[in-house]
Every structure is written in structure tokens, then in C-alpha cells.
Amino acid sequence: MASISFRHVKKVYPGNVTVVPDLNLEIQDKEFVILVGPSGCGKSTTLRMIAGLEDISDGELWIGDRVVNDIAPKDRDIAMVFQNYALYPHMTVYKNIAFGLSLKKMPKDEIDKRVHEAARALDLEHLLNRKPKALSGGQRQRVALGRAMVRNPAVFLLDEPLSNLDAKLRTAMRSEISRLHKRLQTTFVYVTHDQTEAMTMGDRIVVMKDGIIQQNDTPQNLYDYPCNLFVAGFIGSPQMNFMDAVIGKSGENYTAKVCGYDVALPARMNEFLAPYTGKTVVLGVRPEDVKASEKGEGLQATIEIAELMGAEINLHLDCQGSKVVVRAPSTYTGREGDTAVLLPDTGKIHLFDKETEQAIAH
């Protein structure tokens, strides 16, 4: 069993700098969990605590059925893949992959078998006699993965392993790592600040800010039901649009006045909105959930930039001081300086409390 459990774990650096104040997190055996958040949010520190590269200031960390607070990294049955690959430049690919097994004094024929199995799985067999300087970034990353694979660890830890690769290689390596997880059937904990990586790879995403878990959920739930403004703005590209809106009532249902236009809110929100009548809230809507027209009724906005993305256009607009992005089809003819009429999909609107930033209704 390679489940991981953080129980009131705290990390304080010298000078009383608290990076992780009180972490409670359960990672199931064979799960692919992604820790995501902006730089400095504590995600890499959390990963390094699992690895044993950072001491725990307080609380308990369990791997499987044992507390590992005082267990050395080499005895935790984990393998870590670093952002900078950490390959030995003077060793061949074969020796780099075999290095950990050689330290364990494993028989040479077993080492050879494992190295060739990993090399075959990662398409590295033709590179085994090369040294790292003769490899591309993607090949070096696969060597680092191979070195972790051959140890058959209970837990794989990956610390921003794709951040040094170009966009095309990153996409290819995302698929590679997802396939590797399915094949190895072991626990993966993956750290990234790239929300696209998080959305496409993980079974579950843990969004962190200032060492505190903001939301811990499936990728789809994070996207559809963000619990607060931070998560709503962090997940999704381009990010969700936020505009001030005043809640009003029309008969049994409620409206949100945004940029001078009354948007009808879905009836499912009624039970949450009575305390907010007449008050200002934050209305959130994703770029793909707003329709842009050249005329008609809706929110009046001025196009500032039109980014052609191929199959679609990202329109950057000014709506009475609020900056809004709309994803429009490539057939949309409006350009910089033109007026666009925006109609949000009322079924996809999110409302947040302006003071607490917590979600009111989706």
C-alpha cells in the first residue's frame, strides 16, 4: 500500500517563516494527485516533505501504514523526478538509469533487465550509450523518468518535470507520464504551477495558496464548481472573467445588474440570493461561456485586442472599466475599436461574495 496521509503537518523555516501552517491531505494508493498553485504556495515544500528532503516541523506524515517523519529518504520507497533532471553528465544513459540499482548492489543481470525494460518503454534503447549532453531536453527528461522507474517505487514524486521543455514537447510528455502511471499502477504526486498540466493529467487536483489547500477535487469539479475567487481565477485558460454585479429581484427570480445590463439568474440560485438583494457581488463567467454579437441587447463592450488563435478568436474587451475576455469563433468579424454586445450563458454564471471571496452559487 502506498497511500500518503498528512495529519496536521506544519513546516516552519528558520526565522519563524511558516510555509505550511496546517496541512491535512489524504492521497490514495495508485492515485495520480497534482499539487498546483502559484510560486511560493508551498507545493514543492509539500512534495519534498514526502521525499524526506525537508524536515517536518509538526504533525505526522504517513506513507502506507507507517509514520515516516524520522525515516531517511532512501528507506521511504519513493522515487523523485526533478525539474532539472539531475543526471550525471559523465555517465552514459545506461549508467544514469542503473545508478540507484548499482548502489543497492543488485545483481548485474537484474540491473540489465530492468534498464532495458525501462528504456524500451520510454523509447531510449538507441540512446543507452550516449551521455546527457548529447540528448535533447525531452530525452533527458525520459532518462530521469527511467531512473525512477527501474526502482519500482511505491510512490513517484515529480517536481515540475516539464517546465524546462518547449510547448510541443510538454504536450507529448504529459501523455507519456499519464501512460506511465496507467502502466505502473503506482501512486503519483505531481507538482506544477501550470493549470493546463493539472487539468489534463490528474485524477485529483489540490489547489494551494500560502500553504493552505483552497480546494481538493476532480479536474471537472474544480472547473465547474470553484469554491472561491482564487480557484475560479486559477483554473481555466484564459482565466474566468470577474465583474461587479448588483443583485436585484424580478418576481420570484433574481437578476444581476452588470455594466448597466440586467442578467437573469437561473432559478436554482434563488435559495442563496435573498441575503444579497441590493448588494454588490462578484459575477464570474468563463470566456467560452459568453457570446459576442455585433448588435442586439446585452453588455456593451469595446474590443481592445482580437487574438486570432486559429479555430477561434480571443477578444479582449473593456466593459465599462471591467476587462473581459471572450472566446469567439474565427468567423467573428469585429476588430479593435469596434463595439461588441456580450451575452453570458446564464446557466454557466458563478457568483462570489465580495468580502469573503467564497462562492455563493454556481
* Side-chain donor or acceptor of H181 paired with backbone N/O of T186 under 3.5 Å -> yes
* Asked: Taking the side chain as C-beta and beyond, is there a heavy-atom pair between I4 and F6 under 4.5 Å?
  -> yes
* Pairwise side-chain contact, K323 with H316, heavy-atom cut-off 4.5 Å (strictly under) -> no
* Nearest-0.5 Å distance that lies between atom CE in M80 and atom CG in L53 -> 5.5 Å
* To do: Ignoring hydrogens and angles, tell me if any N or O in the side chain of R268 forms a donor-acceptor pair with the backbone of H362 under 3.5 Å.
  => yes
* **R142 side chain reached by L135 side chain, heavy atoms, under 4.5 Å** => no
* Asked: Among pairs that include at least one residue of residues 203-227, which meet salt bridge (Lys or Arg N to Asp or Glu O under 4.0 Å), considering only residues two or more places apart or in two chains?
  -> E31-R204
* Would you say the side chain of I34 lies within less than 4.5 Å of the side chain of F32, judging by non-hydrogen atoms? -> yes
* Asked: So, do V325 and L315 sit near enough that their side-chain heavy atoms are less than 4.5 Å apart?
  -> no
* To do: For N96 and T92, indicate whether the former's side chain and the latter's backbone hold a donor-acceptor pair under 3.5 Å.
  => yes
* Asked: Is a side-chain N or O of T187 found less than 3.5 angstrom from the main chain of A2, in a donor-acceptor match?
  -> yes
* Asked: Quick one: side chain to side chain contact (heavy atoms under 4.5 Å, CB included) partners of A86, sequence neighbours excluded?
  -> F82, N84, R147
* Can any side-chain N or O of R327 pair as donor or acceptor with the backbone N or O of E312 at less than 3.5 Å? -> no
* Flag side-chain contact, heavy atom, 4.5 Å: L222 against V207 -> yes
* Could you pull out all residues at least two apart from S322 that satisfy side-chain hydrogen bond (donor to acceptor under 3.5 Å, both in side chains)? => none
* Asked: Sub-3.5 Å donor-acceptor pair from the side chain of D159 to the main-chain atoms of K43, do we have one?
  -> no
* Asked: Is the count of non-hydrogen atoms from other residues, nucleotides or ligands lying under 6.0 Å from Q358 atom CD greater than 12?
  -> yes
* Are side-chain heavy atoms of S175 and T200 found at a separation under 4.5 Å? -> no
* To do: List for me each residue that meets side chain to side chain contact (heavy atoms under 4.5 Å, CB included) alongside A118, sequence neighbours excluded, and say none if there are none.
  => M149, V150
* Expected output: side-chain Q195 to main-chain G236 donor-acceptor under 3.5 Å -> yes
* To do: Would you indicate whether the side-chain heavy atoms of V263 and T255 approach each other to under 4.5 Å?
  => no
* **Donor-acceptor pair, side chain of N216 and main chain of V206, under 3.5 angstrom** => no
* To do: Quick one: which residue pairs count as a side-chain hydrogen bond (donor to acceptor under 3.5 Å, both in side chains) with a foot in residues 225-254, not counting sequence neighbours?
  => Q214-N228, D244-K354, N253-N270
* Hey, is K10 close enough to D58 for a salt bridge, meaning N to O under 4.0 Å? -> no
* By side-chain hydrogen bond (donor to acceptor under 3.5 Å, both in side chains), which residues pair with E60, not counting sequence neighbours? -> W62
